[in-house]
Protein chains: 2
Amino acid sequence: MASEELDSVDKGILYLLQEDARNNTTNAIGEQVGVSSSTVANRITKLEEGGVITGYHPTIDYEQTGMGHHLLIIATVPIDDQEEIVDDLVHVPGVVSVSELLTNNANLSIELVGQNKQEIEKSIGEMSGLGVDIERMDLLKRIRAFPYNHFGKEFTNEDDTG
Amino acid sequence: MASEELDSVDKGILYLLQEDARNNTTNAIGEQVGVSSSTVANRITKLEEGGVITGYHPTIDYEQTGMGHHLLIIATVPIDDQEEIVDDLVHVPGVVSVSELLTNNANLSIELVGQNKQEIEKSIGEMSGLGVDIERMDLLKRIRAFPYNHFGKEFTNEDDTG
DNA sequence: GTTGAAAAGAGCATACA
DNA sequence: TGTATGCTCTTTTCAAC
């Protein structure tokens, strides 16, 4: 039920959701991919239940929110404790995303925000207390996310006059 | 108009949007933060226009979609060409996000997906052709994103019985 | 089992206070 | 910022493929 292949309708839906997951209505999506709105709703439900779509999140420009500091941290944790530590990292103030890597060294990529250096240092301190060994830490200039561009634009009516 | 401070209503809205940006209605958000639905709609519009919210995206489990390969790449590009190269990277198949870092070395973090090694290799080749110098490349185990936990949960009625 | 059409209910945008 | 109205969207049901 989960890892079934996606057909062109699913791919088109995913593509359009990646463009705007909040304001793209099932109606509009249906018109773009050539099915009715109820079909779109059914498909989306299945994609959610099947674990393909795991959530919907806004992309936030932290600099606009007073979070002057936005960092990307590469760190190492013991593999056996990786999951547990990541669970704890959720509760560290300022940590907004964590990517787990399948390596021994530098197996964690952590996105951290804070209003000032004090907040950052406090978060760093908490992370260290959890057993996170920071390898490097760089200022984030910008993050860009885009629809997986071969996911289904071909299955929509969108015009690419770029 | 853009970088004004956020009040508790804004923070509560952002928190709830980060929990579920698609299914959280203005009505539900309004009840949680204690304002009317129209106020929520007005605030969201301002957050969008002010550049605080730059988009809404689903989180997709690429492994469930037949994309067996999910990589995180650390790469270096010439600083002067960074923006231009990132613009080009958008069009490389399989590239789903790019983070620009403010450093000389390893100033790009690229998330790449593909159905098989051939696709990955093809994408790598295109990236190299753009002047992207790959420093390291690791398999992604999992990515987790969470609401910035000190952003406004305190301003909602949510119960944290975890 | 999946899709599409229609009805009922809910949510959203606009105007106005 | 809140309230009210008209309009749109979503959801459910049910028939058809």
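Proteins get letters first, then strands, A, B, ... in listed order; numbering begins at 1 in each.
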Below 4.0 angstrom from OP1 or OP2 of [N], is there any side-chain N or O of [X]?
X: A:Thr39; N: C:dT3; answer: no
X: A:Arg43; N: C:dT2; answer: no
X: A:Ser38; N: C:dG4; answer: no

> For B:Leu112, which of B:Leu72, B:Val95, B:Leu89 qualifies under side-chain contact (heavy atoms from CB on, under 4.5 Å)?
Replying inline: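 When B:Leu72, B:Val95, B:Leu89 are each tested with B:Leu112, the side-chain contact (heavy atoms from CB on, under 4.5 Å) holds only for B:Val95.
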Quickly work out the [X] [atom1] to [N] [atom2] distance and round it to whole Å.
X: A:Asn24; N: D:dT8; atom1: CG; atom2: C1'; answer: 15 Å
X: B:Glu31; N: D:dG2; atom1: CD; atom2: C1'; answer: 15 Å
X: A:Ile29; N: D:dT10; atom1: CD1; atom2: C1'; answer: 12 Å
X: A:Ile44; N: C:dT3; atom1: CD1; atom2: P; answer: 13 Å
X: B:Asn23; N: C:dC12; atom1: CG; atom2: P; answer: 11 Å

> Are any side-chain N or O atoms of A:Arg22 and backbone N or O atoms of B:Asp20, one a donor and one an acceptor, separated by less than 3.5 Å?
Replying inline: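 Flag not set: sc A:Arg22 to bb B:Asp20 has no pair under 3.5 Å.
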> Taking 4.0 angstrom as the limit, do B:Arg144 and A:Asp87 come out as a salt bridge?
Replying inline: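 Judged by the 4.0 Å cut-off on N to carboxylate O distance, B:Arg144 and A:Asp87 do form a salt bridge.
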> Does the side chain of A:Leu14 come within less than 4.5 Å of A:Leu47's, by heavy atoms?
Replying inline: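 A side-chain contact exists here, since the closest heavy-atom pair is under 4.5 Å.
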>> I want to confirm an ordering. Mapping A:Ser36 and B:Ala41 to their closest nucleotides on DNA chain C, which one lands closer to the 5' end?
In response: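 On the 5' side of the pair lies A:Ser36.
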> For the side chain of B:Asn42, counting heavy atoms from C-beta on, which of C:dC12, D:dT1, D:dC9 is nearest?
Replying inline: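 Closest nucleotide to the B:Asn42 side chain: D:dT1.
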> Contact class for A:Asn27 (heavy atom, under 4.0 Å): base, sugar-phosphate, or nothing?
Replying inline: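 Since a base atom lies under 4.0 Å of A:Asn27, the category is base.
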